[in-house]
There are 2 protein chains.
Amino acid sequence: MINSKSVTVFDVARVAGVSKSTVSLVLTGSSKVSEKSREKVQKAIIDTGYIYNRDAASLRSRKSNLVAIIINDLSNPYSAQLAEGLERQIRQIGLFPILVNSGENVDTQDQLVQRLKEYKIAAFIMCPAPGTTAEWTNKLVQQGFPIIHIMREIEGANVATVLPDNIAGTSLATQHILDKGHRKIAFLGGNERISDYHQRLAGFVNTMTAHGTPPPQELCIQSETTRNGGRQAMAEVLAVEPDIEAVVCFSDVVAYGAIEHMRFHGKKPGKDIAVTGFDDLKDSRLMSPSLSTVHIDANKIGIAVCDLLSNLKNGLPTKTVIDVTFIARESG
Amino acid sequence: MINSKSVTVFDVARVAGVSKSTVSLVLTGSSKVSEKSREKVQKAIIDTGYIYNRDAASLRSRKSNLVAIIINDLSNPYSAQLAEGLERQIRQIGLFPILVNSGENVDTQDQLVQRLKEYKIAAFIMCPAPGTTAEWTNKLVQQGFPIIHIMREIEGANVATVLPDNIAGTSLATQHILDKGHRKIAFLGGNERISDYHQRLAGFVNTMTAHGTPPPQELCIQSETTRNGGRQAMAEVLAVEPDIEAVVCFSDVVAYGAIEHMRFHGKKPGKDIAVTGFDDLKDSRLMSPSLSTVHIDANKIGIAVCDLLSNLKNGLPTKTVIDVTFIARESG
DNA sequence: TATATTATATGGAACGTTCCAAAAACACGC
DNA sequence: GCGTGTTTTTGGAACGTTCCATATAATATA
């Protein structure tokens, strides 16, 4: 392959005893080719060891089946879980997903996109890094690149967006906690630079307020969305309100950290302090106590994305909200 | 971009007042083009909004700067950390890494590779899924595809392999535990279908044996390399030897699980039972107690891979062993 | 059987780039 | 100003595919 000339449609055609055009029709799965020819070609493909050259195909056809998934933070387990779901669904509809990682950095994100533009990419699926502007996004859209935002909303961006029902999610979690009789409740984690924070916080605040117990400002504590962020947030909460009864967390990872820290202070999660998460990571079901959390179905997000992929109306902002469910487990 | 004909080198050439060939020379960074021409072309590129078409370039030049990283398991935090390091280094040498996930499944892995073959890929960097055979790998190598294995060795595969010094790693950890005076020591986690298990286990067994205290079979407990695997392995250990003094774990994630489970039994990590990990995940430094572990520098692996990328001698099996360091922290 | 219709098969051009061989421009020494 | 050597520029061909318009084969219709 390095030196030797590669096998082309011409070679396959010669072996199969048909024309290169017929081979091409078989390769693209055309219906206007006889069963006999198809079989001859397919055999010849195997015999010659032919490998389809997508660069040539995409150059000529101006089509591609590559889909770029720009992950915001690979080291966040939820991102990984989401990526897996997206990958699975996208592959199912015959497209080929590739992953790149922006690391929550808006410059890296820009560089990645600039590079990816040079490949024919059928669509960019991205979880925008904090600081992504509507102008930046709209410029891309205007240039004709098909973009789908997931998980996070950028106000003013003319793109299709798929995101979970964040407000409903934390509402359900909060209501569950209230139903259990808890009153001193904190909201832990998240970062105001990202839209989902505002939404998840709103679900909490709204539900608390509707219940007649609006939460004090100092019990809504931002943090990194990492385990360590969760530990720190929990530390802050215990400093402000040592008798806290429950914590509604921005994400499962934050909840994990919060649990670690409360244990450090001798408080038992699910007994002394109720805890809920958001995301439903695989481990949340297996841990002890198992974590009550808001389940987001990564496959559903994948399916919604694929729907958009199929009939992409560029420039028309749409918003697909994926329903979530609250799963009560042992932690609260 | 969807409908309108795209801007090509010809358009740039026209605007710049040079030939398409000169534009091409500028694009490929050739030194044999005058400064004046280069500037004219660069200006024209901006003015026209030209976007380089890598499909065309790669078709003609038979070169590519795409590097596929085939991750074994995206949901494993270490894989993610490793991928980040690889990505960073590979991008630094002007190549473009894309990630795909085999999910530890050998069939998925094969499908991915078959698909990727159709794109021009400069190199395949893969952490082979369990069950990957030397025949499978060698067939690819023979077809001329440049392959680098990382983290795991496949015996008989004629590929360049980059992996951490697993034996030294667990030896260091085990010696540290012995130096602390512990004697009842178990090895937790890992799966015999993967080469690194055998190596890490060997480091443990060798060191224990050299010390005159060869470990009993029943204190070497395999498990999934997940948190939950760690929990189960710890449960097994406590069933077999309730007075266990230390656990040397296959990986940090397994150690996390083991710690969770021992706490459940009222045992304090680092006090009642010493714990060591392997990988040095970001969180291991931040948790409490912080985890003593074997540090693998993902950047070093990336650099070694890039070295191989630069002068890839296909078919000649080489083995690059990356040195590791033991980091003593609070857990043991 | 002849003709209309439909189903298949085909060769040439095109996609946007790089390679190559050759031409043009420039520099230098005499 | 002219030959010589060097640097810079250039048009045509090529990479491997798909598109398209046309040709051929097969089938139906009368």
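Throughout, protein chains are lettered first and strands after them, A, B, ... in sequence-line order, and every chain is numbered starting at 1. Just so you know, these numbers come straight off a predicted model, no measurement behind them.
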Determine: side-chain N/O of [X] to OP1/OP2 of [N], distance under 4.0 Å, yes or no.
| X | N | answer |
| --- | --- | --- |
| B:K63 | C:dC19 | yes |
| B:S34 | D:dT9 | yes |
| B:R62 | D:dG16 | yes |
| A:Y52 | D:dT18 | yes |
| A:T22 | C:dA9 | no |
| A:S61 | D:dT18 | no |

Any donor-acceptor N/O pair under 3.5 Å between D:dG11 base and B:S21 side chain: yes

Base C:dT17 to side chain B:R60, donor-acceptor N/O within 3.5 Å cut-off: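 No, the side chain and the base share no sub-3.5 Å donor-acceptor pair.
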
Sugar-phosphate only, base, or nothing, as touched by B:S37 at under 4.0 Å among non-hydrogen atoms: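 Result for B:S37 = sugar-phosphate.
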
Sugar-phosphate only, base, or nothing, as touched by A:S24 at under 4.0 Å among non-hydrogen atoms: base

Please report, rounded to the nearest Å, how far the [atom2] atom of [N] is from the [atom1] atom of [X].
| X | N | atom1 | atom2 | value |
| --- | --- | --- | --- | --- |
| A:F10 | D:dA14 | CZ | P | 12 Å |
| B:K32 | C:dC26 | NZ | C1' | 16 Å |
| A:E35 | C:dT8 | CD | C1' | 13 Å |
| A:N53 | C:dG16 | CG | C1' | 14 Å |
| A:R54 | C:dC15 | CZ | C1' | 17 Å |
| A:E118 | C:dT17 | CD | P | 10 Å |
| B:D55 | D:dA14 | CG | C1' | 17 Å |
| A:R38 | C:dT8 | CZ | C1' | 11 Å |

A:S75 side chain reached by B:E84 side chain, heavy atoms, under 4.5 Å: yes

Between [X] and [Y] (salt bridge meaning N to carboxylate O under 4.0 Å), is one present in this structure?
| X | Y | answer |
| --- | --- | --- |
| B:E155 | B:K319 | no |
| A:R91 | A:E87 | yes |
| A:D55 | B:R54 | no |

Earlier contact from the 5' end, DNA chain D, for A:Y50 and B:L25: B:L25

Residue whose closest nucleotide on DNA chain C lies nearer the 5' end, A:V33 versus A:K20: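 The answer here is A:V33.
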
Exercise: identify the closest heavy-atom pair between A:I71 and A:L74: CG2-N, 3.8 Å

